[in-house]
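Computation of the quantities below employed the complete heavy-atom set of this structure, encompassing side-chain atoms and omitting hydrogens, waters and symmetry-equivalent molecules. Just so we're on the same page: letters track the sequence lines, and every chain starts at 1. Keep in mind that this is a model prediction, so the values were computed, not measured.
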Number of protein chains: 2
Amino acid sequence: MDHPTPSPRSATRHKIEAALLEDIATGALQPGERLDETRLAERFGVSRTPVREALSGLTAQGVLVAGEKRGVRVAQYSRAELGQMFEAMQEIESVCARLASQRLTLLARSEIENAQAACAEAAARNDRLAYIKANEALHMSIYRATENPYIFELASDFRRKTGPFRAKKLETQEDLLASVESHVDLLAKIFSEDVQVAVDGMRKHMTESFMRVLAANG
Amino acid sequence: MDHPTPSPRSATRHKIEAALLEDIATGALQPGERLDETRLAERFGVSRTPVREALSGLTAQGVLVAGEKRGVRVAQYSRAELGQMFEAMQEIESVCARLASQRLTLLARSEIENAQAACAEAAARNDRLAYIKANEALHMSIYRATENPYIFELASDFRRKTGPFRAKKLETQEDLLASVESHVDLLAKIFSEDVQVAVDGMRKHMTESFMRVLAANG
DNA sequence: GCGGTTGATTTTGTATACAAACTGATATTC
DNA sequence: GAATATCAGTTTGTATACAAAATCAACCGC
């Protein structure tokens, strides 16, 4: 996903990382669950060394955390931590909104509107999974509109880390349609000529979104 | 510095990371320079294993990059990339200034002023290395004043990545004294009651700083 | 003389072995 | 009976050894 290197520069390590990410995404590995190096090593049929490197890589990404006592665990966040994380994310997203609004090229606007259309369509079909993907794509297109790869990366990172928690708040079709509605409003503000309107719009959007997330993660 | 764990949970690895960061920050290791695992291992009197972990950690942080051919190198950026990176950093720092200004506790203010005093003292002694360290500590204390560990981490990351380039602009004692002057002005604005003043002050500070950096990396 | 190919040497990735640190629990003493 | 000390069993961190991959260069063929 973020490793565009096609060269198999240490294939096993990346295979293990990918497999673990898959397990976490599918819920096979629960937040807080401990990972045992030796067990993983024999599961993948390799020695502890590459497992170790994969684990330390995922820890650096924030997917895993070094446990208080021993070993590494799947990251889990308290309500307070979630709040702080979302606060940080809100700041980043606001920056994105401002830059995107200031720099918006025709091409970027087109991609944002395409993504928005995909969201609306998925919501109309009540296709939850498609909606989540389209929603991510929509926000990504806003990040891209900043024309700054470092900010894009930052924002994407937060989106990855908060993904599992944000997903929880999209259950019924009403949720999806409400989300689309919220995005229509947001985009109108980003496309407005007034940068402050764009920033405030994004702030509001994020606040609404996070309030629902926190409510769903009580 | 950023690892508050007092437990020596893999002390050697962190020692090596810290030493390398130090070398990079002070310019002892130049951007683009290649790092040899074996050489580092014997330099630190350890085996290749912990060196390897340190290197992969720093690579994950973006301080080092996997070289095209072999080994890892100190990250180097084109002028354009530097500009984008500094733009992103400016945005983050501005967010920090706003939050710090809004939330400033007495303790936080005290730590910021201590760091500032250390800067001034190092500049007066014309101790370039000490000044660089104190300067980092000063900005870190502002990050910490945001009371948000995720934002702190973000800002620290950028500081690490841009360290080697920023170091270049601090050569003569005049540079150091000018920098101190600039910080006096900045802190006065952050300590003001007006959040917008704080943000604008940080923006100005960063812009000035980056203009000099870009001039020094032509 | 130039280009391709092979070979030697360095370098990286993985495995394994070993030592130290930590966990949990049982036993012993006050 | 409670608290502390000690000990066994894991588990992690580091070292070393080994194998595969890649770079550089010399050499051979054209």
Side-chain angles (χ1 to χ4, degrees), chain A residues 2-21 23 29-76, chain B residues 1-21 23-24 29-76:
Chain A
D2 48 345
H3 284 287
T5 63
S7 65
R9 189 187 189 89
S10 186
T12 47
R13 171 182 166 167
H14 285 67
K15 271 188 56 168
I16 296 169
E17 282 193 16
L20 290 178
L21 280 173
D23 284 353
L29 278 173
Q30 289 290 319
E33 200 168 334
R34 186 165 165 283
L35 293 164
D36 184 48
E37 294 179 1
T38 313
R39 217 173 285 285
L40 289 171
E42 60 190 39
R43 164 178 160 192
F44 290 107
V46 298
S47 85
R48 259 178 59 224
T49 310
V51 172
R52 207 139 212 295
E53 303 216 336
L55 257 41
S56 102
L58 293 175
T59 301
Q61 283 180 43
V63 180
L64 306 178
V65 292
E68 293 312 306
K69 15 194 261 189
R70 226 173 225 204
V72 300
R73 323 184 85 87
V74 179
Q76 63 182 348
Chain B
M1 191 83 61
D2 48 342
H3 284 286
T5 62
S7 64
R9 191 190 187 86
S10 187
T12 48
R13 171 180 165 167
H14 285 66
K15 271 187 53 168
I16 296 169
E17 282 194 17
L20 290 178
L21 281 173
D23 285 353
I24 293 171
L29 278 172
Q30 289 290 318
E33 200 168 333
R34 187 165 164 282
L35 293 163
D36 184 48
E37 294 178 3
T38 313
R39 215 172 287 283
L40 289 172
E42 60 190 40
R43 164 179 160 192
F44 290 107
V46 297
S47 84
R48 259 179 59 225
T49 310
V51 172
R52 207 140 212 294
E53 303 215 339
L55 257 41
S56 104
L58 293 175
T59 301
Q61 284 180 44
V63 179
L64 306 178
V65 291
E68 293 312 307
K69 18 193 256 189
R70 229 177 224 202
V72 301
R73 326 183 82 88
V74 180
Q76 63 181 347

Given the options L58(A), V51(A), L40(A), I16(A) meets side-chain contact (heavy atoms from CB on, under 4.5 Å) only with V51(A)
Using whole Å, report how far CZ of F44(B) lies from C1' of dT14(D). 16 Å
To the nearest angstrom, the CZ-P distance between R52(A) and dA15(C) comes to 14 Å
When every non-hydrogen atom of E17(A) is compared with those of G57(A), the smallest separation belongs to OE2-CA, 4.0 Å
Rounded to whole Å, the CZ-P distance (R13(B) to dT12(D)) equals 15 Å
Can you tell me how far P of dT12(D) sits from CD of E53(A), to the nearest Å? 16 Å
L35(B) or T49(B): which one's nearest nucleotide on DNA chain C is closer to the 5' end? L35(B)
Rounded distance (Å) that lies between atom C1' of dG13(C) and atom CZ of R48(A): 16 Å
Heavy-atom closest pair (T59(A) atom, L55(A) atom, distance to 0.1 Å) is OG1-O, 2.7 Å
Could you work out which one of dT14(C), dT12(D), dT12(C) sits closest to the side chain of D36(B)? dT12(C)
Closest non-hydrogen atoms of A75(A) and G62(A), given as atom of the first, atom of the second and distance, are CB-O, 3.5 Å
Any base atoms under 4.0 Å from R39(B), or only sugar-phosphate, or nothing? Heavy atoms, all strands. nothing
With a cut-off of less than 4.0 Å, is there a side-chain N or O of S47(A) near OP1 or OP2 of dA15(C)? yes
Nearest-nucleotide pick for T12(B), side chain only, options being dA15(C), dT14(D), dT12(C): dT14(D)
What is the distance, to the nearest angstrom, from the CZ atom on R73(A) to the P atom on dT12(D)? 11 Å
Round to the nearest Å and state the distance from E42(B) atom CD to dT14(D) atom C1'. 17 Å
Between C1' on dG13(D) and CD1 on I16(B), what's the gap in Å once rounded to a whole number? 12 Å
With a 4.5 Å heavy-atom cut-off, do L64(A) and V74(A) have their side chains touching? yes
Is the shortest side-chain N/O distance from R34(A) to OP1 or OP2 of dT12(D) below 4.0 Å? yes
